[in-house]
Peer 1: 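Pasting in a structure now, in structure tokens, and then I'll have a few things to ask.
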Amino acid sequence: MTQSSVLNVPQREAVLHLESPCLVLAGAGSGKTRVITHKIAHLIDTGAYTASQIAALTFTNKAAKEMQERCAQLLSTKPTRGLTVCTFHALGMAILRAEAVHAGLKPRFSILDADDAYAIIQDLCATTDRGLVRALQSQISLWKNARVSVAQAESSAATEEEASAARIYRSYAATLLAYQSVDFDDLIGRPAELFVEQPEVLYRWQSRLRYVLVDEVQDTNASQYHLFRLLVGPRAAFTAVGDDDQAIYAWRGATVDNLRRIQEDYPTLRVVKLEQNYRSSGRILAAANALIAHNPKLFEKKLWSEHGPGDPLVIQAMPNEEQEAESVAIQISAHRFERQARFADYAVLYRGNHQARVLEQAFRKEKIPYVVSGGQSFFERVEIKDVCAWLRLIANQDDDPAFVRAITTPKRGVGAATLETLGQYAASRGVSLFEAACESGLGLKLESRRLEPVLEFTRFINRMEWRATREPAGELLDELLRAVGFEASIYDGHDARTAQGKWQNILDFAAWMKQKAEADSKNLLEMTQSVALLSMLESRDGETDAVRLSTLHAAKGLEFPHVFLVGVEEGLLPHGGAAGDDAPVLAERIEEERRLMYVGITRAQRSLHICWCQKRKRGREFESREPSRFLSELALEKAPFAVAEQVSPQARLAGLKALLNKPRAPSP
DNA sequence: GCACTTTATGTTTTT
DNA sequence: CATAAAGTGC
């Protein structure tokens, strides 16, 4: 992008418009982040708002981080203290934490991730059928996102299947309450409920956050839109930014319909379209436009650009995924060498996380530095979750899942049988596992040999809780790790190499917690609550020069000079899950897949490579594949595209590769 | 009863 | 290939 201070006409209009609510329809690469950051600056400049009265809500942590950075850049000379830039979920957590008492929760409630929720549901329906549990989990989540209450779900159940799903929904909600826990969806739903039930709480937040900016509105679900509507209230001082062509979260309950509703709900809404693309060269943009033209439009947009045509697109058919990965790696090496570019100028985008594996292998082989974004987050690693279970339990003794996980990892002689007895006793007394473990009555149920490790465990947790509010988070965490004996248990259970990796992860985690705790002056208990939501992104220095491997979903909002789109095949993109069901649903799913492809294409600034595999390993057997229908929708005939079919670039690049692998300047 | 070893099994995307 | 359920040794 050019000087960030310069705005084009519609951008300026969007920034300056304050008289009524504002909806910005921002095409890909049209500078929407620039509009949001400049609008924040403008709000502060006019004197109408202080930074602490402004909230900018994003959808992902990555977007929030990006927004924070851009704001910090632009607002460096302005008072930005108290400016809220975070995800919907982070705001929900802040509200729920501050108002916990009003919501019938203790302030130290736990936040469950998807795995915890899965385990609870599995428990409730007492089945080993993974598909069933997943289906139930997703149904409950969709109900919550669509603001369907337990009662509504029960009464609207038409089949016995639905009725039993609704029953699980009810007991799931009850279980969470017993654990004093909320899931991700509750972080949106519960604050909204609270606002409806207790208007005075709502007024407090409405007067605190007087101007709201929302990014990616097309990805909000009914529940988020509801929370948003409550928050902005009748004053409706807000700017929403979105693009219906980039809606890729319908599977999670998001509905583009919110873009239409927002016009109905706010008749004075000013709609501004950003149609000038600053990102991509002509051919890339033409392909993107041709593709998305196959989707029905909510808003008519015509994206245009002042850039020249740029490089031809390259479309390659590869024999299989190994060769595809290899080819991409080699091409990046060569391309980077020819253009004198940085590794960080390249991104490889794909549909599913599992595709990263082959790519990683190829990149390691070719000695190309890379970072994988999306996929399993740092906090989802088992060893980190083990540590977090201890922290969660120290913060919230009602958190039974944390209790079970902590008391069994590392192994301390408490197993399934002991827990079974403890669980029955707790159920009969109507208390949490931890509380049951502290009661003297337990002694009658467990022989002292089984009881003693349990008692020692509870004593330790109590001691840590007492100290957690008084001592610095970092040191206490170090001591926790030592006292619990994580390191030994990790080295015990794994071979030296993986153990070292796992232990390093824990050390990184501890260092991150320490640094974050000091920066925000929080104690260990307060830190614990943010962990479920925060991502390590903020501590990772964006300065390392590495190729980015990313899912298409995780790539949204980012841009790269050179993009490789891999696995563009029928069954993968569009994904095979879209097949089989009824026709209207099918059409919508294909449209969403098309938008996903559109998002991928529009990440590219200067060059775009698209690959597909003729054969792909599925399970143990190879399965032959067809090129994606989207390839034929790119209007290739309209521009001089280079279409390279089944050409292995290895031979051409052999010379370059040898050159690249030569040792560099002699080291001292 | 507990922990460790084997064996079936199965894959979208994220807060 | 990584995870999670069933099976085996202590």
Side-chain angles (χ1 to χ4, degrees), chain A residues 57-64 86-93 111-115 117-119 122 127-131 133-134 138 141 144-145 182-189 216 219-221 223-224 247-254 349-358 360-361 373-377 379-382 408-421 446-447 449-450 453 489 492-494 498 530-535 537 550-556 567 571-579 589 592-593 595-597 599-600 616-620:
Chain A
L57 300 180
T58 65
F59 205 62
T60 63
N61 286 314
K62 197 171 295 165
C86 65
T87 62
F88 260 102
H89 289 85
L91 177 69
M93 184 189 75
I111 297 169
L112 302 183
D113 68 12
D115 289 343
Y118 178 93
Q122 190 180 45
T127 176
T128 58
D129 182 348
R130 267 173 46 161
V133 180
R134 283 176 91 109
S138 123
S141 177
K144 287 189 177 186
N145 288 331
V182 299
D183 62 18
F184 284 136
D185 302 320
D186 290 336
L187 289 175
I188 311 296
E216 313 274 20
D219 286 329
T220 54
N221 57 41
S223 179
Q224 287 165 322
I248 54 174
Y249 285 98
W251 53 274
R252 201 172 108 178
L349 308 182
Y350 39 82
R351 178 64 231 262
N353 282 310
H354 61 276
Q355 290 173 265
R357 185 166 300 282
V358 205
E360 284 188 78
Q361 273 167 16
S373 64
Q376 196 192 33
S377 111
F379 294 102
E380 281 160 8
R381 297 170 130 95
V382 271
T408 53
T409 45
K411 301 285 174 249
R412 51 175 23 72
V414 178
T418 309
L419 283 174
E420 178 68 31
T421 314
L446 281 174
E447 46 180 315
R449 189 178 176 78
R450 308 258 167 264
S489 97
D492 216 32
H494 306 86
T498 52
S530 329
V531 167
L533 275 193
L534 285 171
S535 101
L537 290 164
S550 169
T551 60
L552 288 163
H553 283 89
K556 186 153 80 151
L572 240 193
L573 186 65
H575 192 268
R589 288 201 189 155
E592 176 144 316
E593 297 290 311
R595 289 191 292 269
L596 205 44
M597 173 98 179
V599 166
R616 185 168 290 272
K617 213 184 292 177
R618 180 137 187 101
R620 42 222 151 257

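Protein chains get the first letters and strands the later ones, always in sequence-line order, with residue 1 at the start of each.
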Peer 1: Can you tell me how far P of dT11(B) sits from NE2 of H354(A), to the nearest Å?
Peer 2: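 For the pair H354(A) NE2 and dT11(B) P, the rounded distance is 12 Å.
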Peer 1: Counting only side-chain N and O atoms of R357(A), is one of them less than 4.0 Å from OP1 or OP2 of dA2(C)?
Peer 2: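 Indeed, a polar side-chain atom of R357(A) lies that close.
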Peer 1: Report yes or no: do N353(A) and T551(A) form a side-chain donor-acceptor pair below 3.5 Å?
Peer 2: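 No, T551(A) and N353(A) have no side-chain donor paired with an acceptor closer than 3.5 Å.
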Peer 1: Can you measure H575(A) atom NE2 to dG10(B) atom P for me and round it to whole angstrom units?
Peer 2: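 Distance, rounded to whole Å: 15 Å.
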Peer 1: Between Q355(A) and dT13(B), is there a side-chain N or O to OP1/OP2 distance below 4.0 Å?
Peer 2: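 For dT13(B), OP1/OP2 do not have a side-chain N/O of Q355(A) under 4.0 Å.
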Peer 1: Tell me: CD of E420(A) to C1' of dC2(B), nearest whole Å?
Peer 2: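 Between C1' of dC2(B) and CD of E420(A): 15 Å.
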Peer 1: dC1(C) P sits how many Å from N353(A) CG, rounded?
Peer 2: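 So the two atoms are 16 Å apart, to the nearest Å.
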Peer 1: From CG of N145(A) over to C1' of dT13(B), roughly how many Å is that when rounded to an integer?
Peer 2: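 Distance, rounded to whole Å: 15 Å.
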Peer 1: W251(A) on top of dT13(B)'s base, within under 5.5 Å and under 30°?
Peer 2: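 Yes.
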Peer 1: Output the rounded distance in Å from CE (M597(A)) to P (dT13(B)).
Peer 2: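 The answer, rounded to whole Å, is 18 Å.
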Peer 1: Separation of I111(A) atom CD1 from dT15(B) atom C1', in whole Å?
Peer 2: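 Roughly 11 Å, once rounded to whole Å.
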Peer 1: Report the nucleotide, chosen from dA5(C), dT15(B), dC2(B), that has the shortest atom-to-atom distance to any side-chain atom of Q122(A).
Peer 2: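 Out of dA5(C), dT15(B), dC2(B), the nucleotide with an atom closest to Q122(A)'s side chain is dA5(C).
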Peer 1: Is there a side-chain contact between K556(A) and E216(A), using heavy atoms and a 4.5 Å cut-off?
Peer 2: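 Sidechains of E216(A) and K556(A): in contact.
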Peer 1: Say we look at dT13(B) and dA4(C): how far apart would their C1' atoms be, to the nearest angstrom?
Peer 2: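 About 23 Å, rounded to a whole number of Å.
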Peer 1: So, OP1 or OP2 of dT14(B): does either fall under 4.0 Å of a side-chain N or O from T551(A)?
Peer 2: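 For T551(A), the contact criterion (side-chain N or O under 4.0 Å from OP1 or OP2 of dT14(B)) is met.
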Peer 1: Starting at the 5' end of DNA chain B and moving along, which residue's nearest nucleotide shows up first, Y249(A) or R134(A)?
Peer 2: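 Nearer the 5' end of the strand: R134(A).
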Peer 1: Using a heavy-atom cut-off of 4.0 Å across all strands, would you classify F88(A) as base, sugar-phosphate, or nothing?
Peer 2: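 No contact.
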Peer 1: To the nearest Å, give me how far apart CZ (R595(A)) and C1' (dT13(B)) are.
Peer 2: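 Those two atoms, CZ and C1', are 13 Å apart.
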Peer 1: Can a side chain N or O of N221(A) be found less than 4.0 Å away from OP1 or OP2 on dT15(B)?
Peer 2: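 Answer no for this pair, as no side-chain N or O of N221(A) is under 4.0 Å from OP1 or OP2.
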Peer 1: Are the side chain of Y350(A) and the backbone of S550(A) linked by a donor-acceptor contact shorter than 3.5 Å?
Peer 2: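 Between the backbone of S550(A) and the side chain of Y350(A) there is a qualifying donor-acceptor contact (under 3.5 Å).
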Peer 1: Does R357(A) come within less than 4.0 Å of E360(A), counting only side-chain N to carboxylate O?
Peer 2: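 A salt bridge is absent here (no side-chain N lies under 4.0 Å from a carboxylate O).
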Peer 1: Heavy atoms only, 4.0 Å cut-off, all strands: where does Q224(A) land among base, sugar-phosphate and nothing?
Peer 2: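 Result for Q224(A) = nothing.
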Peer 1: Counting only N and O atoms by type, is there a donor-acceptor contact under 3.5 Å from the side chain of H89(A) to the main-chain atoms of I188(A)?
Peer 2: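 Side chain of H89(A) to backbone of I188(A): no pair is present.
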